[in-house]
Structure formats: structure tokens, C-alpha cells
Amino acid sequence: KILHQTNYFDFFTIMVTAYSQYSIQAFDYNVTGYLLKPIDIEEFKAAVYKVNKMIIEPTVISNKNNTSKKIKLHTIDSIHILDPNDIIRVESEGNYSFFYTKNKERYIISKYLKEVEEMLDDAIFLRVHNSHLVNLNHLRSFIKEDGGYIIMVDGCKVPVSRRKKEMLLDFLA
């Protein structure tokens, strides 16, 4: 009943119940674990381990040939696999990060920009502002006026902090 009343799922849930008939409904709410009473301690440990792994596991995955790395984005209702080359920019607001892609898609995850920055290759991604991380391959131009800002291929204007301006200019040289 609580999950039914919740509109926003920015958490992992392990459901513990004595009623097996709710297991199908649990999948509708992306329940991470489903335990029936009486609780088996090993099943409980496994469910907690699974949640812990989902929270702290590396979000970069690679294929068998290790030729292209992909990242996993855990959004409210799905897990999305993205090629970092398709990401134009990432903007943060508090502990949420908004990914903008070439396909004009937007994904929201509950991670600080610092965590996102660690997920992505620093050879192509540069944090140009406290709340902005850009894919340098999708940079259209740098405008020097108003302290400096970037125009990305999607037309978005991204501010550049004074501290990051020199690093960006070195890249553009």
C-alpha cells in the first residue's frame, strides 16, 4: 500500500511479507528484493548484498573485446545502457544529474556530479563549471563574452567557470 501511494522511486526496496500473492505487484514497483516470512537469514543477506551492489557497483561496463565502454544509468523506473559518446552533457542540481544525449533524450539519476565525473572518461569529458560536465566531442563553440560560455551541438549554452576556463582553452588550442 505504501508503494502504491509513492509517486517517486529514488530508493531501493526489499519487501518482506507473509503473502506470496503480492510478488507480481512488487515487480510493478521495481522492488529489489522480495522475502517471505519467516525470513531466511541467507536470503535476507543476499537481498541486502544485491541492494548494496546496485548502489556502489561501478557503473562502467565493457564488452568482451573491451573495445567500447558503456555506462549504466539507474533512473527511477529503468536501467539504461549508454555509450558515453552519445552523451552531450551532464548538468547537476543538488544530488541529481541530468544526462542529455544526441538523441535528444534526458535521463535523471540520483548521483552527485562528482560521482558522474568519475564514471566518465576524462579524456573526452570536462567539468567546466560546478554544475556542468561536457563531452568535448560535442562542443560547437566557445564564446569569450560574459565571462565565457560554451555552445554545445544541441544549442545549449553552458557556463564556464573562471577556474576551468584556462583548462578549456588549453584543449581548444
By side chain to side chain contact (heavy atoms under 4.5 Å, CB included), Lys157 pairs with (sequence neighbours left out) Tyr149, Ile151
Heavy atoms only: give me the nearest [X]-[Y] pair and the separation to one decimal.
| X | Y | result |
| --- | --- | --- |
| Pro84 | Asn135 | O-ND2, 3.4 Å |
| Leu113 | Ser97 | N-OG, 3.8 Å |
| Ile39 | Leu35 | CG2-CD1, 4.4 Å |
| Met119 | Lys111 | SD-CD, 4.2 Å |

Between the side chain of Asn103 and the main-chain N/O of Glu105, is any donor-acceptor distance below 3.5 Å?
no
Between the side chain of Thr13 and the main-chain N/O of Met15, is any donor-acceptor distance below 3.5 Å?
-> no
What distance do [X] atom [atom1] and [Y] atom [atom2] have between them, rounded to the nearest 0.5 Å?
| X | Y | atom1 | atom2 | value |
| --- | --- | --- | --- | --- |
| His80 | Lys72 | NE2 | NZ | 13.5 Å |
| Ile87 | Leu133 | CD1 | CG | 8.5 Å |
| Glu115 | Ser92 | CD | OG | 11.0 Å |
| Ile108 | Phe99 | CD1 | CZ | 11.5 Å |
| Ser161 | Arg127 | OG | CZ | 9.5 Å |
| Asp86 | Lys70 | CG | NZ | 7.0 Å |

Besides Val160, the hydrophobic cluster formed by Ile, Leu, Val, Met, Phe, Trp and Tyr side chains linked at under 4.5 Å, directly or via other members, contains Ile88, Leu126, Val128, Val134, Leu136, Leu139, Phe142, Ile150, Met152, Val153, Val158, Met167, Leu168, Leu169, Phe171, Leu172
Cation-pi geometry met for Arg89 and Tyr100 (6.0 Å, 45°):
yes
Ring pair (Phe, Tyr, Trp, His ring centres under 6.0 Å) filter on His138, not counting sequence neighbours, yields none
### Leu120 reachable from Ile124 in the ILVMFWY side-chain graph, under 4.5 Å edges
yes
